[in-house]
Amino acid sequence: MTPESAYVPSMSSPAFMTAEQLLGVSIPGRRVELVHGALIVREPAGLRQGRVVATLSRQLMDHVEANDLGQVYAGDTGFTLARSPDTVRAPDIAFIRRDRVPHPEPSGYPDLAPDLAVEVLSPHNRPGETLAKVADWLSSGTSLVWVIDPERRQARVYRQDGTEAVVLGGEALRGEDLLPGFSCALDAIL
């Protein structure tokens, strides 16, 4: 089997898995998501992907905290985007506006989409799977999705209104209306 994601059926019954059941799943050395009730198992992040995620997370956190804009989440925080069957997606980085951060924060997956979802591609990501994730984020209410491609030294920006843009290596990712004043040179994180 290649390192691409694999659909793993439930071993106990043909029924769909729920977000609550996903909380109890532990597959050492793997990342998991739930899509329409089906468990998806992925390889962990590679070194370059991890560095890009850490660098951008730091820049986002510094800006968000300095401006009291909300909360940044990293490290595959899961968000329940749909129920019956359940979909739990986990971006590499997420941001939730201050007025939408759940209080108290749930111990499991919140039933909400982040305002910003960031996906950093690794060499084994398939374009169709990435576009499916973008569609899940946007259809669930995410305002802005950044898909960063370190290999091609570019990012794609997808917006809730259906528009998109390409950011090249010499240009900057911008927070637009969601993160006023945020600008990060793509070269600085790649």
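Between E43 and R30 there is a salt bridge, since a side-chain N of the basic residue sits under 4.0 Å from a carboxylate O of the acidic one. Between D149 and R156 there is no salt bridge, since none of the side-chain N atoms of the basic residue sits less than 4.0 Å from a carboxylate O of the acidic one. A salt bridge is defined here as a Lys NZ or Arg NE, NH1 or NH2 lying under 4.0 Å from an Asp or Glu carboxylate O, and D136 with K133 fails to meet this definition. The residues R42 and E129 are annotated as salt-bridged, a charged nitrogen and a carboxylate oxygen being separated by less than 4.0 angstrom. A salt bridge links R97 to D99: at least one charged side-chain nitrogen sits closer than 4.0 Å to a carboxylate oxygen. A salt bridge links R31 with D92: the distance from a Lys NZ or Arg NE/NH1/NH2 to an Asp or Glu carboxylate oxygen falls below 4.0 Å.
Within a 6.0 Å radius of CZ in R83, other residues, nucleotides and ligands contribute more than 12 heavy atoms.
Counting all heavy atoms, side chain and backbone alike, R51 lies closest to L190 at NH2-O, 3.2 Å. Across all non-hydrogen atoms, the minimal contact from A90 to E33 is N-OE2, 2.7 Å. Residue A19 comes nearest to D86 through the heavy atom pair N-OD2, 2.7 Å, listed as atom of the first residue, atom of the second, then distance. Listed here is the closest heavy atom pair of G50 and A45: N-CB, 4.4 Å. The two residues L23 and G108 have their closest heavy-atom pair at CD1-CA, 3.8 Å. Taking all atoms of both residues into account, the shortest heavy-atom contact from V134 to Y158 is CG1-CG, 3.6 Å.
To the nearest 0.5 angstrom, R126 atom CZ is 14.0 Å from L121 atom CG. Atoms CD1 and CZ, from I189 and R58 in turn, are 10.5 Å apart once rounded to the nearest 0.5 Å. Atom CZ of R89 sits about 7.5 Å away from atom CH2 of W137, to the nearest 0.5 Å.
Every residue two or more places apart in sequence or in another chain was checked for a side-chain hydrogen bond (donor to acceptor under 3.5 Å, both in side chains) with Q154, and none qualifies. Not counting sequence neighbours, S107 has no partner by the side-chain hydrogen bond (donor to acceptor under 3.5 Å, both in side chains) test.
Under 3.5 Å, the side chains of Y73 and E105 contain a donor-acceptor pair of N or O atoms.
Under a hydrophobic-cluster definition in which Ile, Leu, Val, Met, Phe, Trp and Tyr are linked whenever side-chain heavy atoms come within less than 4.5 Å, directly or via other members, V72 and Y109 are assigned to different clusters. Linking Ile, Leu, Val, Met, Phe, Trp and Tyr whenever their side-chain heavy atoms come within less than 4.5 Å leaves L138 and L144 in two separate clusters.
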Please walk me through it: do L173 and I148 pass side chain to side chain contact (heavy atoms under 4.5 Å, CB included)?
CA-CA 10 Å; L173 284 169; I148 300 170; 3.9 Å; yes
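Residues L116 and S143 form no side-chain contact, since every pair of their non-hydrogen atoms from C-beta on lies 4.5 Å or further apart.
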